[in-house]
Amino acid sequence: MGLPGSNSGAVLSKIATNNQHGENSEYFDGWKAYDKDPFHLSHNPHGIIQMGLAENQLCLDLIKDWIKENPEASICTLEGVHQFSDIANFQDYHGLKKFRQAIAHFMGKARGGRATFDPERVVMSGGATGANETIMFCLADPGDVFLIPSPYYAAFDRDLRWRTGVEIIPVPCSSSNNFRLTVEAVGWAYKKAQEADKKVKGLILTNPSNPLGTMLDKDTLKDLVRFVTKKNIHLVVDEVYAATVFSGDDFVSVAEVVNDVDSYEVNVDLIHIVYSLSKDMGLPGFRVGIVYSYNDSVVSCARKMSSFGLVSSQTQLMLASMLSDERFVENFLMENSKRLGIRHEVFTTGLKKADITCLTSSGGLFVWMDLRHLLRDRNSFESEIELWRIIIHKVKLNVSPGSSFHCTEPGWFRVCFANMDDDTLHVALRRIQDFVSKNSNNKIVEKATDKDQVIQNNNAKKQKWRQSNLRLSFRRLYEDGLSSPGIMSPHSPLLRA
């Protein structure tokens with residue numbers, strides 16, 4: 001007889017034992033490497049710098065100042081403890097009315113006042129991760145398909161697929177047009193999916209894009225709204241970076257477009273928005289996710305499902321007060337955009353000194369860095385992973401390779417710049433500049449160490465996992481003619497949106 005639990009797979013569910021969580025990717029491996037050797041300016045100056053975390057720490061001082069000035073907003077202070085009994089008691093899944101009103105008002109402010117939101121359509125969830133999964137449960141059955149432009153957020157394989165059984169078909173975008181999404185590409189992928197007997201239930205976008213940092217223009221959004229209406233499929237727009245914009249361009253929300261398109265061209269029952277305060281406010285630990293739908297049935301279903309991932313009532317209380325403070329909100333949004341713009345400029349200027357360019361972007365907490373010129377073989381994802389391994393273990397930076405975002409071209413990397421102080425950023429830039437200068441005359445080729453060989457072997461296993469679990473991988477999409485026409489750390493992504 002074996003040891004207790006030695007054959008646990010026989011008694012556990014398919015969800016518990018399958019590999020579709022997506023943890024077996026370089027995106028998560030970079031986090032694990034960082035967790036083992038985290039950089040600290042004084043305590044561990046040779047450690048790995050975390051540049052794989054899309055977190056906004058640039059304006060936390062403004063939030064801390066507001067908390068000091070408004071102690072009554074918290075039940076954990078002398079000024080606010082009189083509210084303790086009301087807040088500590090059971091709250092139903094609608095949430096506090098003043099919280100829903102405040103978040104709806106803030107969503108409008110974050111979009112420049114060009115769109116308004118109804119508090120009665122605000123549904124809470126445990127971060128954007130929970131919100132995205134909830135909307136999938138509401139809209140699709142196991143085996144149904146959602147189209148998604150690639151490259152796309154690495155953890156969407158977990159958020160959208162793992163527990164729902166929904167399949168993802170990428171709509172590949174390329175550097176030839178700066179990874180711009182077109183309605184023609186979406187239409188072509190839709191047609192090919194139907195020819196493969198796939199039931200397409202919708203299209204999901206991130207706007208601004210993660211990992212690109214680019215924004216969809218109003219005309220493209222209008223075309224996509226018309227497209228989903230014509231095909232009678234859903235459009236889900238993840239707008240978690242709506243106020244994380246630092247250029248002169250205005251972010252255009254799908255909510256703004258819905259009001260702009262003629263009523264006969266849009267079926268609002270097909271339009272849904274995912275939002276959170278993790279990025280725009282820099283509060284990922286508060287786990288505030290929002291599902292906002294124009295469909296009454298979806299609102300009702302999502303609200304019932306929110307029982308599994310509510311926002312704590314004391315968090316709602318404090319945020320209701322903070323987000324209702326007009327002066328604070330206006331100053332925060334303005335200062336946040338300003339500081340992000342400065343940080344982005346400092347970082348991209350530092351990269352240019354190393355002859356590294358990035359995709360032009362205007363939003364997000366990261367850049368899409370082009371290292372194709374450093375690859376041993378520009379057409380090889382194996383070369384990309386070789387370079388990524390060197391950057392992690394030799395340069396000591398946790399950056400995320402494009403392949404983990406399902407990019408179809410080797411050599412692109414997502415690099416986050418807003419989750420560290422100025423001193424750490426400058427250390428990271430120096431490491432990058434030193435690395436490139438030492439290898440400027442040669443493609444990056446290194447003989448694998450024993451440690452690297454183990455990683456390489458594990459990587460081969462992961463590649464096999466991808467082929468067996470991603471139902472419509474890029475290789476298969478190509479073969480089917482579906483290519484595009486034209487520490488566990490508290491900061492671990494396993495625990496956050």
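Numbers for residues simply follow the sequence, beginning at 1.
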Next item on the list: Walk me through it: do D422 and R343 pass the test side-chain contact (heavy atoms from CB on, under 4.5 Å)?
Entry: CA-CA 9 Å; D422 291 338; R343 177 57 70 87; 2.7 Å; yes
Check: Checking side chain to side chain donor-acceptor pair (under 3.5 Å) for the pair D238/N207: CA distance, chi angles, key distance, verdict?
Finding: CA-CA 6 Å; D238 184 323; N207 187 34; over 6 Å; no
Donor-acceptor pair, [X] side chain versus [Y] backbone, under 3.5 Å?
{"X": "E239", "Y": "V254", "value": "yes"}
{"X": "W368", "Y": "G213", "value": "no"}
{"X": "T229", "Y": "V225", "value": "yes"}
{"X": "D260", "Y": "E256", "value": "no"}
{"X": "S380", "Y": "D377", "value": "no"}
{"X": "S125", "Y": "G130", "value": "yes"}

So that I can tick it off, tell me whether [Y] and [X] are bridged by a salt bridge, with the cut-off set at under 4.0 angstrom between side-chain N and carboxylate O.
{"X": "D61", "Y": "R339", "answer": "yes"}
{"X": "K192", "Y": "E195", "answer": "yes"}
{"X": "E265", "Y": "K222", "answer": "no"}
{"X": "D144", "Y": "K198", "answer": "no"}

Please tell me whether [X] and [Y] have a donor and an acceptor in their side chains that are separated by less than 3.5 angstrom.
{"X": "S42", "Y": "H40", "answer": "yes"}
{"X": "T424", "Y": "D421", "answer": "yes"}
{"X": "N210", "Y": "R414", "answer": "yes"}
{"X": "T220", "Y": "D217", "answer": "yes"}
{"X": "D280", "Y": "N336", "answer": "no"}

Grab the two heavy atoms, one from [X] and one from [Y], that are nearest each other, plus how far apart they are.
{"X": "C407", "Y": "F381", "result": "O-CZ, 3.2 Å"}
{"X": "S337", "Y": "V245", "result": "OG-O, 2.7 Å"}
{"X": "L181", "Y": "P149", "result": "CD2-CG, 3.6 Å"}

Roughly how far, to the nearest 0.5 Å, is the [atom2] atom of [Y] from the [atom1] atom of [X]?
{"X": "K32", "Y": "I48", "atom1": "NZ", "atom2": "CD1", "value": "13.5 Å"}
{"X": "K218", "Y": "D250", "atom1": "NZ", "atom2": "CG", "value": "9.5 Å"}
{"X": "L216", "Y": "S253", "atom1": "CG", "atom2": "OG", "value": "11.0 Å"}

Between [Y] and [X], is there a side-chain heavy-atom distance shorter than 4.5 Å?
{"X": "L323", "Y": "M281", "result": "yes"}
{"X": "N178", "Y": "T214", "result": "no"}
{"X": "S276", "Y": "V288", "result": "no"}
{"X": "I233", "Y": "K201", "result": "no"}
{"X": "R158", "Y": "Y153", "result": "yes"}
{"X": "N56", "Y": "L365", "result": "yes"}
{"X": "I148", "Y": "I169", "result": "no"}

Next item on the list: Using the side chain to side chain donor-acceptor pair (under 3.5 Å) rule, collect all pairs that involve residues 348-359, keeping only residues at least two apart or in two chains.
Entry: E345-T349
Next item on the list: With sequence neighbours left out, write down each residue that passes ring pair (Phe, Tyr, Trp, His ring centres under 6.0 Å) with Y292, or none if nothing qualifies.
Entry: F117, Y294
Item checked: H406 vs D157, side chain to side chain donor-acceptor pair (under 3.5 Å): CA-CA, chis, key distance, verdict -> CA-CA 10 Å; H406 302 271; D157 290 325; 2.7 Å; yes
With sequence neighbours excluded, tell me which residues meet side-chain contact (heavy atoms from CB on, under 4.5 Å) with [X].
{"X": "K109", "value": "H105, E326, V329, E330, L333"}
{"X": "R431", "value": "F39, I49, V395, K396, L397, V427"}
{"X": "N419", "value": "Q50, L53, E55, Q57, C416"}

Next item on the list: Check salt bridge (Lys or Arg N to Asp or Glu O under 4.0 Å) between E409 and all other residues, then give those that pass, not counting sequence neighbours.
Entry: R372
Check: side chain to side chain contact (heavy atoms under 4.5 Å, CB included) with L235: which of I273, L205, V266?
Finding: L205
Check: Just one of F347, F413, F405, Y241 clears the ring-ring contact (aromatic ring centres under 6.0 Å, His included) bar with F366, so which one?
Finding: Y241
Next item on the list: Could you tell me how the ring of F328 sits relative to the ring of W66: parallel (under 30°), tilted (30 to 60°) or perpendicular (over 60°)?
Entry: tilted
